[in-house]
Amino acid sequence: MAYTVLIVDDSETIRGVIERMLQITKLPIDAVLKAVNGKDALDKLKENWVDLVFTDINMPVMDGIALIDTMNSHPEYKEIPVVIVSTEGSATRINQLKDKGVKGYLRKPFKPEKIRDIIIQTLGDWNG
Amino acid sequence: MGNLIEGATASICRTLEEAAFIFTDGTGRKSSLEQADVWGVALDFRGTPSGSVRMWIGTDLIAVVTANMLGIDSQDPLIAEKREDAIKELLNIVVGNLLTSLFGEEPIFELGIPQRCNPQQLETDLQSGDAIWLSAEGSTALFLVSIPEST
């Protein structure tokens with residue numbers, strides 16, 4: 001089975017970095033979708049099946065937290081695992097996000113092994 | 001302020017290395033930036049405390065940073081198109097890591113959106129006694145960490 005991943009970040013650089021790292025992991029990622037903010041991500045979710053979402057927190061128009069809250073309130077999206085990709089290191093923030101059901105947290109900068117581990121852990125849990 | 005600059009310098013150097021594979025030392029020279037084509041990027045943050053970070057960096061080094069972050073050649077024509085976003089994101093990563101390094105993992109900070117600086121600001125920043133001067137790839141980068149409550 002191959003998966004579809006949605007990357008949500010207002011930085012084109014980071015979207016490219018994550019996509020490149022997904023390729024390096026050689027995990028069965030069939031398609032990589034990209035969105036520039038939470039609103040764009042919701043538009044992508046309406047039109048595509050998505051297995052995993054990577055999202056930044058700080059984004060204009062709609063930030064990552066608002067995206068997570070919207071996904072949690074939507075029956076079709078609430079079960080999609082979400083991994084945060086952020087520069088923030090606040091344990092307080094991370095715990096808040098875990099309370100919202102976030103499955104993982106990637107602190108920028110990160111290495112391909114870290115993204116691989118978190119995908120295996122997240123999709124494994126999701127499939128389990 | 002001295003401890004802040006020392007801590008900030010260590011954090012910035014570490015982040016440049018990990019995020020952009022740029023290895024720095026503290027031998028950056030004002031004259032390099034005065035003579036170079038230089039871009040400035042600033043990011044404000046809100047929390048306890050609030051403040052801002054400005055980064056001035058020559059376009060030669062910007063090209064290297066962009067190439068390293070994107071995994072492309074520094075001569076690639078795409079550099080011109082991608083560099084502004086790359087350098088803004090680099091500052092975003094620098095500040096996020098800097099705040100944790102300086103203030104620990106408890107406080108929550110709200111980071112603003114990185115913005116290009118007015119070039120006229122460079123002249124003032126070059127004279128700042130709190131500037132962090134770094135040298136990398138034969139170029140100089142200047143960082144100014146401004147946390148008013150800590151002065």
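Just so it is clear: chains get the letters A, B, ... in the order the sequence lines come, proteins before strands, and each one is counted from 1.
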Review point. Counting N and O atoms only, with roles assigned by atom type, does the side chain of B:Asp85 sit under 3.5 Å from a partner on the main chain of A:Ser11, one being a donor and the other an acceptor?
Key: no
Check your understanding: Should B:Phe103 and B:Val145 be regarded as members of a common hydrophobic cluster, given that ILVMFWY residues are connected when their side-chain heavy atoms come within less than 4.5 Å of each other, either directly or indirectly?
Key -> yes
Practice item. Sort B:Leu111 into side chain, backbone, both or neither according to what part of it lies under 4.5 angstrom from a heavy atom of chain A. Key: both
**Study point:** Salt bridge B:Lys88-A:Glu12, side-chain N to carboxylate O under 4.0 Å
**Key:** no
Practice item. Find the distance between CG (A:Asp56) and CD (B:Glu89) and round it off to the nearest 0.5 Å. Key: 7.0 Å
**Study point:** Residue A:Lys44 excluded, over 12 heavy atoms near NZ under 6.0 Å
**Key:** yes
Check your understanding: Above 12 or not: heavy atoms from other molecules or residues under 6.0 Å from CZ of B:Arg116?
Key -> yes
Point to revise | Option that, when pairs with chain B are counted at under 4.5 Å, heavy atom only, ranks first among A:Ile14, A:Val17, A:Asn95 | key: A:Ile14
Review point. If two hydrophobic side chains count as joined below 4.5 Å and joins carry through other members, does B:Leu70 share a cluster with A:Phe54?
Key: no
Check your understanding: Would a distance-only check, ignoring hydrogens and angles, find a side-chain to backbone donor-acceptor pair under 3.5 Å from B:Asn97 to A:Arg107?
Key -> no
Point to revise | B:Val95 reachable from B:Ile147 in the ILVMFWY side-chain graph, under 4.5 Å edges | key: yes
**Study point:** Pairwise side-chain contact, A:Thr13 with B:Leu90, heavy-atom cut-off 4.5 Å (strictly under)
**Key:** no
Review point. Does the side chain of B:Leu99 come within less than 4.5 Å of A:Glu88's, by heavy atoms?
Key: no
Check your understanding: For B:Gln120, does the CD atom have more than 12 heavy-atom neighbours from other residues, nucleotides or ligands under 6.0 Å away?
Key -> no
Check your understanding: Within a strict 4.5 Å, meaning less than it, do heavy atoms of the B:Ile108 and A:Gln96 side chains meet?
Key -> yes
Exercise for review: To the nearest 0.5 Å, tell me how far B:Asn92 CG sits from A:Asn58 CG.
Suggested key: 7.0 Å
Review point. Mind checking whether B:Trp133 and B:Leu144 sit in one hydrophobic cluster, side chains of I, L, V, M, F, W, Y counted as touching below 4.5 Å?
Key: no
Review point. What residue in A:Ile57, A:Asp9, A:Thr87, A:Ile94 has the most heavy-atom pairs under 4.5 Å with chain B?
Key: A:Thr87
Check your understanding: Okay, side chain of A:Thr92, backbone of B:Pro107: is any donor-acceptor separation there less than 3.5 Å?
Key -> no
Check your understanding: Which of these passes side-chain contact (heavy atoms from CB on, under 4.5 Å) with A:Pro109: B:Glu18, B:Met69, B:Arg14?
Key -> B:Glu18
Practice item. Go through the atoms of A:Arg20 and report whether side chain, backbone, both or neither lie under 4.5 Å from a heavy atom of chain B. Key: side chain
Point to revise | same_hphob_cluster(A:Val85, A:Ile120) at 4.5 Å side-chain heavy-atom cutoff | key: yes
